[in-house]
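The block underneath contains the structure these notes are about, expressed in structure tokens.
Chain identifiers are assigned alphabetically (A, B, ...) following the order of the sequence lines, protein sequences preceding nucleic acid strands; residue numbering begins at 1 within each chain.
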Amino acid sequence: MRKLPRDFYDRDAGAVARDLLGKCLVHRAADGERIGRIVEVEAYLGPHDRAAHSSRGLTQRTRIMFGPPGHAYVYLIYGMYRCMNVVTEAEGKASAVLLRAIEPVRNVTARTQGPGLLCRAMAIDGRLNGHDLLSPEFHIADDGIRVPSIVKRPRIGVDYAGHWAKRLLRFYIRGNPYISRP
DNA sequence: CTCGGGATGCGT
DNA sequence: CGCATCCCGAGG
């Protein structure tokens, strides 16, 4: 397992999103190491992307998104679930990749289909917002698994974003049983 | 300060 | 389709 370097994240969010498929999310929580293979993601391109949180500008909530690449942007949604993003590109670009689904690998329950369930299964909470993903306790690693085929679709739940809602910025591994909405 | 709504998930 | 549950961000 090789931890992804800073350079991996310092690229276009779409490219990072596609390349994250098949990689392993590792969280060494208090009660043990949890690992899940990333099988579904969405790219959010920056302030010009009306579906992105950063399109509202730099706020207390989105400050991590405006920061340097390779950090976790974790936020609360609907008052009950967390969603985890990976910050991409240079500081100030405010682009990110939302992790939408993982396949259980180690110490993770089978209910991981969707960004909220993913965070619950991986024990990711608000304290991890802003966490450096090059750390030993929370990072993403490559174990050499190849992804055979990638499906591109419009992003989920962003109908308010006008023409941006139609962009094919959701990516998932074709045929994987852990996709949130095939 | 109020207030509307959300990158969700679950039950009906 | 309704609802849980609460922070965020806009507006007064």
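- Note: the hydrophobic cluster containing A:I124 does not contain A:V26 (ILVMFWY, side chain heavy atoms under 4.5 Å, direct or indirect links).
- Atom CZ in A:R100 sits about 9 Å away from atom C1' in B:dT8, given to the nearest Å.
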Residues A:R167, A:D49; criterion side chain to side chain contact (heavy atoms under 4.5 Å, CB included); working and verdict: CA-CA 10 Å; A:R167 293 285 300 274; A:D49 176 357; over 6 Å; no
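- A donor-acceptor distance shorter than 3.5 angstrom exists from the side chain of A:R37 to the backbone of A:G22, with no hydrogens or angles considered.
- Nucleic acid contact for A:M84: none, since no nucleic acid atom lies under 4.0 Å from a heavy atom of the residue.
- Heavy-atom distances under 4.0 Å link DNA chain B to A:N85 of residues 85-92 of chain A, given in residue order.
- One atom, CG of A:L98, and another, C1' of B:dT8, lie 11 Å apart when rounded to the nearest Å.
- Annotation: cation-pi pair A:R100/A:Y172 absent, no NZ/CZ under 6.0 Å from the ring centroid and within 45° of its normal.
- As rounded to whole Å, 14 Å separates atom C1' of B:dT8 from atom CZ of A:R170.
- For A:Y160 and B:dA7, the shortest distance from a side-chain N or O to OP1 or OP2 is below 4.0 Å.
- For the 3.5 Å distance criterion, the side chains of A:T62 and A:S54 fail to qualify, holding no donor opposite an acceptor.
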B/S/- contact track for nucleotides 5-12 of chain C, protein heavy atom under 4.0 Å: BBSSSS--
Worked check of salt bridge (Lys or Arg N to Asp or Glu O under 4.0 Å) between A:K93 and A:D12: CA-CA 10 Å; A:K93 292 287 188 179; A:D12 168 76; over 6 Å; no
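- Between the side chain of A:Q113 and the backbone N or O of A:P177, at least one donor-acceptor pair lies under 3.5 Å.
- A:Y81 has its OH atom 16 Å from the P atom of C:dC3, to the nearest Å.
- A distance-only check finds a donor-acceptor pair linking the side chain of A:R6 to the backbone of A:P69 [under 3.5 Å].
- Between A:Y73 atom OH and B:dA7 atom C1' there is a gap of 9 Å when expressed in whole angstrom units.
- One interatomic measurement links the two molecules: CZ of A:R82 to P of B:dG6, which rounds to 19 Å at whole-angstrom precision.
- Atom-to-atom, CE of A:M65 to C1' of B:dA7 comes out at 10 Å; the value is rounded to the nearest Å.
- Across the strands present, C:dT5 finds no partner; the criterion is a Watson-Crick or G-U wobble pair with both atom distances under 3.5 angstrom.
- Taken from NE2 in A:H139 to CE in A:M1, the straight-line distance is 6.0 Å, to the nearest 0.5 Å.
- When rounded to the nearest whole Å, the span between CG of A:L45 and P of B:dA7 equals 15 Å.
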